[in-house]
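Encoded as structure tokens, the structure appears first; notes follow it.
Here, residue 1 is the first one in the sequence, and each next residue gets the next number. As the structure lists them, so they are numbered: ligands from 1, and atoms in each ligand from 1.
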Amino acid sequence: MRIQGLAGTAVSVALVLSGAVRAEAEIRTDRLSGRQLKTWKAIVAVVEAAGPDGQILHPTLHRLYRELDSSAHAVRIVIPDTKGSSAIAGRFRIESLGSDGRHEASITLNLRTIDRVLTGSPDAQLVTFERLGRAERYAQVLGHEMAHAAWTLGDAENTRLVVDVQRRSLELARRAQTEGVAGEGFSEAVRENERLVRSLEGPALAAEAAITEELRASR
Ligand SMILES: [Zn+2]
């Protein structure tokens, strides 16, 4: 497997670190430590892997990455450096809405969780990680979250919906803490929120299925 585009990535990373050009739009890695940056580069190598004739091996993954990296929005990569592991392998979040329509979002990758064999609910993860290498597993989860990002940021109506779901989720968490879960209408509100959250999974699961096939085929 020949790796393409590593030099280009290094340039982009250097620009972000120096706070120079393009700081307002792209995939940002400025919060990653040296070690995390190394892992990130291994993931990007999977994204940009090419075959002997120069053909991109994982086109769905590659397209999503290019789409986000060249969008008007900024997507920051977050890799928590915690000892314990979260139940969530990856997460996409809108962090702030720009009045000019350029938004800031984040993709969190919980590497420790991805390292373990996922045994979570079947609709949270479409395909298990069988027979994939470590960086490929990370790339698979990244692909799922990038699909959320592309769908959410690609259309103003979608952005509004996701912001609304995030706001509802926060509000429900706050209510659970202050009023408890027995409050009037609480369980209905939780069910409605869960329905909305599930409805957002469609595009991400479809992209993940395609990416998994591409990763398998290239092994
Ligand atoms: Zn998802």
Side-chain angles (χ1 to χ4, degrees), residues 27-28 39-40 43-44 46-47 58-69 71 73-80 82 85-97 103-130 132 134-173 189-216:
I27 296 177
R28 293 186 190 173
T39 306
W40 173 250
I43 300 170
V44 173
V46 174
V47 171
H58 314 122
T60 306
L61 198 53
H62 190 261
R63 179 179 48 75
L64 285 167
Y65 182 87
R66 286 279 155 252
E67 193 176 321
L68 289 183
D69 206 31
S71 82
H73 313 287
V75 179
R76 176 169 277 121
I77 303 300
V78 179
I79 299 178
T82 49
S85 71
S86 161
I88 298 162
R91 190 179 66 181
F92 167 76
R93 260 187 73 82
I94 301 248
E95 299 295 345
S96 66
L97 296 176
H103 310 313
E104 291 201 14
S106 66
I107 287 177
T108 301
L109 297 174
N110 284 310
L111 304 186
R112 278 168 187 275
T113 306
I114 305 170
D115 284 341
R116 295 180 321 188
V117 176
L118 288 193
T119 52
S121 80
D123 43 291
Q125 199 73 38
L126 183 66
V127 189
T128 55
F129 288 130
E130 26 120 23
L132 292 181
R134 191 170 269 203
E136 289 171 318
R137 290 177 175 209
Y138 299 158
Q140 188 184 8
V141 174
L142 173 70
H144 178 109
E145 302 308 328
M146 287 197 301
H148 275 301
W151 186 87
T152 303
L153 297 170
D155 180 284
E157 194 54 46
N158 295 352
T159 308
R160 266 193 292 278
L161 176 62
V162 170
V163 167
D164 183 50
V165 171
Q166 285 185 196
R167 188 187 51 74
R168 282 166 183 255
S169 300
L170 266 175
E171 172 64 13
L172 285 170
V190 167
R191 268 199 299 278
E192 168 65 3
N193 194 55
E194 283 172 350
R195 191 190 61 76
L196 280 170
V197 168
R198 264 199 308 278
S199 74
L200 296 176
E201 283 304 309
L205 291 174
E208 184 183 331
I211 289 166
T212 303
E213 276 317 301
E214 293 164 6
L215 287 168
R216 278 192 187 139

Salt bridge flag under 4.0 Å for residues Arg195 and Glu192: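 Yes, Arg195 and Glu192 are salt-bridged.
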Vertex the Zn ion (ligand 1), arms to Glu201 OE2 and His148 NE2, rounded to 10°: 80°
Any side-chain heavy-atom pair of Ser96 and His103 under 4.5 Å: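 Contact flag for Ser96/His103 side chains = no.
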Min side-chain heavy-atom separation His144-Glu201 under 4.5 Å: yes
N/O/S atom of Glu145 inside 2.8 Å of the Zn ion (ligand 1), strictly under: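 So Glu145 does not bind the Zn ion (ligand 1) by this criterion.
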CZ (Arg134) with more than 12 external heavy atoms under 6.0 Å: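 No, the 6.0 Å shell around CZ holds no more than 12 heavy atoms from other groups.
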Atom name in His144, limited to N/O/S, at shortest distance from the Zn ion (ligand 1): NE2
